[in-house]
Asker: 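There's a structure below that I have some questions on.
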Amino acid sequence: VGKHGRERDRCGPPRGGIYAPGKRIEELEGELGSRCVIKLASNENPFGPSPKAVAAVSAVIAGMHRYPDSAASSLTQALAKQHRVEPERILVANGSIELIELALRAFVRPGDEAVMARQTFPMYRLMTEAAGGRAVTVDLRESMHDLPAMAAAVTAKTRVVFVANPNNPTGTVILRAEWTAFVSALRDRRVLLIADGAYAEFVDHPEFPRSMAECDVPSARVVNLRTFSKLYGLAGLRVGYAIGPPQVIEAMGRLRQPFSVSLLAQVGALAALDDHDHVQRTLDNNRTGLRAISAGALALGMTVVPSCASFVMVRVGEARAVYEQLLKRGVIVRQSEPYGFPEYLRLSIGLPGENDRLLSALGAVL
Ligand SMILES: Cc1ncc(COP(=O)(O)O)c(C=O)c1O
């Protein structure tokens with residue numbers, strides 16, 4: 001698809017020290033004086049939250065004067081059952097961003113290094129630097145993680161290696177054989193490998209490493225991160241979890257604030273986990289929407305990075321100008337510049353009508 005493969009990394013490192021969230025709907029509605037804004041920018045669930053989560057949260061809301069269960073026991077048990085691991089291998093936190101921070105605070109001291117892709121989720125770099133560590137970045141190759149180069153970048157100072165699979169913002173995936181080889185290569189190094197699967201549930205590929213057990217390399221220190229923000233539609237509640245070796249989970253858990261996962265977040269996540277209709281509807285919509293947006297963008301002459309996630313990155317050239325023009329038409333997308341791709345936009349998959357509106361706005365602007 002397109003020629004993105006050859007334009008290896010004309011993309012500079014992201015600049016600035018603060019994570020810039022996507023523009024909010026209310027903000028743009030205020031600016032335009034219109035109520036017709038759509039947001040396809042932050043990979044939020046286009047159907048909204050799981051209805052079961054809404055009902056469960058509403059049912060406990062009058063109990064919010066009580067502190068929550070600090071260990072999030074019911075949710076931890078349910079996740080342990082779903083992933084077929086012991087509860088000691090799970091840590092629930094205030095979004096996966098909190099887990100990234102906990103891992104860095106537990107394992108990185110000033111002067112230590114963390115290895116990561118140069119074009120990936122910016123929080124890895126920002127939080128490494130906030131912990132006093134040095135972010136060692138490795139260019140993507142053909143829009144994908146260059147795992148051999150990342151393994152080669154590991155030194156005696158490396159404590160943590162980050163891999164987002166699928167990657168954000170490219171949506172590209174690492175498949176089973178490549179992943180297992182990478183984990184094996186790092187097995188005897190004293191590093192923690194953080195596999196961020198924020199979009200893992202969306203991947204529809206037979207060779208995607210789906211379960212933890214599938215790629216278990218004995219003695220490797222791998223922590224898998226998952227979130228309730230995307231598939232389950234609970235980004236505003238803030239719940240994520242880590243699955244890893246018990247000693248690592250314990251070390252991270254000791255640094256977590258008590259009660260960092262609110263009562264509503266725990267109850268909502270537990271109910272969403274069980275909402276199979278909402279999950280299925282979301283996955284079905286994503287599959288067709290991803291195809292529709294990718295094909296539509298290609299038809300408009302854009303370079304499209306083939307994605308397996310709930311978003312797709314497209315090359316538009318003057319990305320900032322196109323982004324601004326889309327805003328004027330009430331469509332919020334994400335600029336990929338902070339992720340290292342200044343000529344690209346990242347488009348979240350929406351409902352069919354939203355995808356159509358995005359494509360016709362893009363067509364008009366281009
Ligand atoms: C790769 C990746 N990891 C983590 C997160 C953050 O997830 P959470 O909402 O659980 O903190 C995101 C959100 O955009 C993401 O893209």
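Index from 1, following the sequence.
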Asker: For the OG atom of Ser348 and the NZ atom of Lys39, what is their distance to the nearest 0.5 Å?
Answerer: 8.0 Å
Asker: Looking only at non-hydrogen atoms, find the nearest pair between Ser143 and Val305 and report the distance.
Answerer: CB-CG1, 3.9 Å
Asker: For residues 66-82, pull every pair meeting salt bridge (Lys or Arg N to Asp or Glu O under 4.0 Å), keeping only residues two or more places apart or in separate chains.
Answerer: none
Asker: Which other residues end up in the same hydrophobic cluster as Leu351, if Ile, Leu, Val, Met, Phe, Trp and Tyr are linked when side-chain heavy atoms come under 4.5 Å apart?
Answerer: Phe47
Asker: Under 4.5 Å between any side-chain heavy atoms of Ile100 and Phe121, yes or no?
Answerer: yes
Asker: Does the side chain of Pro51 reach to within under 4.5 Å of the side chain of Asp275, using non-hydrogen atoms?
Answerer: yes
Asker: Return the CZ to CG distance between Arg89 and Asn224, rounded to the nearest 0.5 Å.
Answerer: 8.5 Å
Asker: Ion pair present between Glu101 and Arg105, side-chain N to carboxylate O less than 4.0 angstrom?
Answerer: no
Asker: Does any donor atom in the side chain of Asn43 or Ser310 lie under 3.5 Å from an acceptor atom in the other side chain?
Answerer: no
Asker: May I ask you to check whether Asn167 and Thr120 show a side-chain donor-acceptor distance below 3.5 Å?
Answerer: yes
Asker: Can you find a pair of side-chain heavy atoms, one from Leu231 and one from Val279, that are under 4.5 Å apart?
Answerer: yes
Asker: Drop me the distance from Arg24's CZ to Leu28's CG, to the nearest 0.5 angstrom.
Answerer: 11.0 Å
Asker: Might you point out which heavy atoms bring Met150 and Ala117 nearest each other, and give the distance in Å?
Answerer: CE-N, 3.9 Å
Asker: Report yes or no: do Tyr124 and Leu255 belong to one cluster of Ile/Leu/Val/Met/Phe/Trp/Tyr joined by side chain heavy-atom distances under 4.5 Å?
Answerer: yes
Asker: Does Val163 form a side-chain contact (heavy atoms from CB on, under 4.5 Å) with Asp196? I'd like the steps, not just the answer.
Answerer: CA-CA 6 Å; Val163 176; Asp196 185 347; over 6 Å; no
Asker: Passes side-chain contact (heavy atoms from CB on, under 4.5 Å), Arg118 versus Leu140? Steps please.
Answerer: CA-CA 7 Å; Arg118 191 149 69 108; Leu140 298 184; over 6 Å; no
Asker: Less than 4.5 Å apart, any side-chain heavy atom of Leu326 and any of Leu345?
Answerer: yes
Asker: Taking a hydrophobic cluster as the set of Ile, Leu, Val, Met, Phe, Trp and Tyr residues connected by side-chain heavy atoms closer than 4.5 Å, whether directly or through intermediates, do Val54 and Met64 fall within one such cluster?
Answerer: no
Asker: With a 4.5 Å cut-off on side-chain heavy atoms, are Ile243 and Val223 touching?
Answerer: no
Asker: Please tell me whether Leu298 and Leu358 are part of a single hydrophobic cluster in this structure, the criterion being side-chain heavy atoms less than 4.5 Å apart.
Answerer: yes
Asker: Please tell me whether Thr155 and Glu113 have a donor and an acceptor in their side chains that are separated by less than 3.5 angstrom.
Answerer: yes
Asker: With side-chain contact (heavy atoms from CB on, under 4.5 Å) as the criterion, how do Ile332 and Leu40 come out once you've worked through the C-alpha distance, each side chain's angles and the decisive distance to 0.1 Å?
Answerer: CA-CA 6 Å; Ile332 310 174; Leu40 298 173; over 6 Å; no
Asker: Do other residues, nucleotides or ligands put more than 12 heavy atoms under 6.0 Å from Arg190 CZ?
Answerer: no
Asker: Under a 3.5 Å cutoff, is there a donor and acceptor pairing between the side chains of Ser260 and Asn94?
Answerer: no
Asker: Should His145 and Phe162 be marked as a ring pair (Phe, Tyr, Trp, His ring centres under 6.0 Å) after you check the CA-CA gap, both sets of side-chain angles, and the distance that decides it?
Answerer: CA-CA 10 Å; His145 275 90; Phe162 285 102; over 10 Å; no
Asker: Assign the ring pair Phe228 / Tyr232 to parallel, tilted or perpendicular, where the plane angle (0 to 90°) is split at 30° and 60°.
Answerer: tilted
Asker: Donor-acceptor pair, distance only, cut-off 3.5 Å: does the side chain of Asn285 make one with the backbone of Gly350?
Answerer: yes
Asker: Centre of Phe107's six-membered ring, under 6.0 Å away, within 45 degrees of the axis: is that where NZ or CZ of Arg159 sits?
Answerer: no
Asker: What residue among Leu104, Leu225, Thr227 forms side chain to side chain contact (heavy atoms under 4.5 Å, CB included) with Leu99?
Answerer: Leu225
Asker: Pair Arg134, Asp112 - check salt bridge (Lys or Arg N to Asp or Glu O under 4.0 Å), show working.
Answerer: CA-CA 6 Å; Arg134 194 169 83 85; Asp112 289 344; over 6 Å; no
Asker: Is a side-chain N or O of Arg256 found less than 3.5 angstrom from the main chain of Val92, in a donor-acceptor match?
Answerer: yes
Asker: Considering only residues two or more places apart or on different chains, which pairs with a residue in residues 261-270 satisfy salt bridge (Lys or Arg N to Asp or Glu O under 4.0 Å)?
Answerer: none
Asker: Measuring only between side-chain heavy atoms, which start at C-beta, is Val161 closer than 4.5 Å to Met116?
Answerer: no
Asker: Scan for salt bridge (Lys or Arg N to Asp or Glu O under 4.0 Å) pairs involving residues 258-267, sequence neighbours excluded, and state none if there are none.
Answerer: none
Asker: Looking only at heavy atoms, which two atoms of Val203 and Pro166 are closest? And how far apart?
Answerer: CG2-CG, 3.4 Å
Asker: Working to the nearest 0.5 angstrom, can you tell me the gap between Asn286 CG and Ile349 CD1?
Answerer: 5.5 Å
Asker: Can you name the closest pair of heavy atoms from Val191 and Thr158 and give their distance?
Answerer: CG1-O, 3.3 Å
Asker: Under the side chain to side chain donor-acceptor pair (under 3.5 Å) rule, collect the residues that match up with Asn355, sequence neighbours excluded.
Answerer: none
Asker: Taking all atoms of both residues into account, what is the closest heavy-atom pair of Pro122 and Pro338, and its distance?
Answerer: CG-O, 4.0 Å
Asker: Could you measure the distance from the CG atom of Leu75 to the OH atom of Tyr241? Nearest 0.5 Å is fine.
Answerer: 8.5 Å
Asker: For ring pair (Phe, Tyr, Trp, His ring centres under 6.0 Å), just list the numbers for Tyr339 and Tyr344, CA-CA rounded to whole Å, side-chain angles, deciding distance to a tenth of an Å, and then say yes or no.
Answerer: CA-CA 10 Å; Tyr339 296 80; Tyr344 288 74; over 10 Å; no
Asker: Which pair of heavy atoms, one from Gly63 and one from Leu263, lies closest together, and at what distance?
Answerer: O-CD2, 3.6 Å
Asker: Looking at Gln257, I want to see if its CD is surrounded by more than 12 non-hydrogen atoms of other residues, nucleotides or ligands under 6.0 Å.
Answerer: no
Asker: Tabulate below the donor-acceptor pairs under 3.5 Å that side-chain atoms of residues 233-240 make, not counting sequence neighbours, or state none.
Answerer:
unit_1, atom_1, unit_2, atom_2, d
Arg238, NH1, Ser229, OG, 3.4
Arg238, NH1, Ala235, O, 3.3

Asker: CG of Leu79 to NE2 of His83: how many Å apart, nearest 0.5 Å?
Answerer: 5.5 Å
Asker: Are the side chain of Ser50 and the backbone N or O of Lys52 linked by a donor-acceptor pair below 3.5 Å?
Answerer: yes
Asker: Taking the side chain as C-beta and beyond, is there a heavy-atom pair between Asn165 and Phe208 under 4.5 Å?
Answerer: yes
Asker: Can you confirm whether more than 12 heavy atoms, excluding those of Glu318, are under 6.0 Å from its CD atom?
Answerer: no
Asker: So does Lys23 pair up with Glu31, basic N to acidic O under 4.0 Å?
Answerer: yes
Asker: Looking at Lys328 and Glu324, is any side-chain nitrogen of the basic one under 4.0 Å from a carboxylate oxygen of the acidic one?
Answerer: no
Asker: Quick check on the hydrophobic clustering: are Val312 and Leu366 connected, directly or via other members, by side-chain heavy-atom contacts under 4.5 Å?
Answerer: yes
Asker: Should Phe341 and Thr170 be marked as a side-chain contact (heavy atoms from CB on, under 4.5 Å) after you check the CA-CA gap, both sets of side-chain angles, and the distance that decides it?
Answerer: CA-CA 9 Å; Phe341 287 97; Thr170 54; 3.8 Å; yes
Asker: Are Glu44 and Lys230 within salt-bridge range, i.e. N to O under 4.0 Å?
Answerer: no
Asker: Spell out, as yes or no, whether a donor-acceptor pair under 3.5 Å connects the side chain of Ser307 to the backbone of Ala309.
Answerer: yes
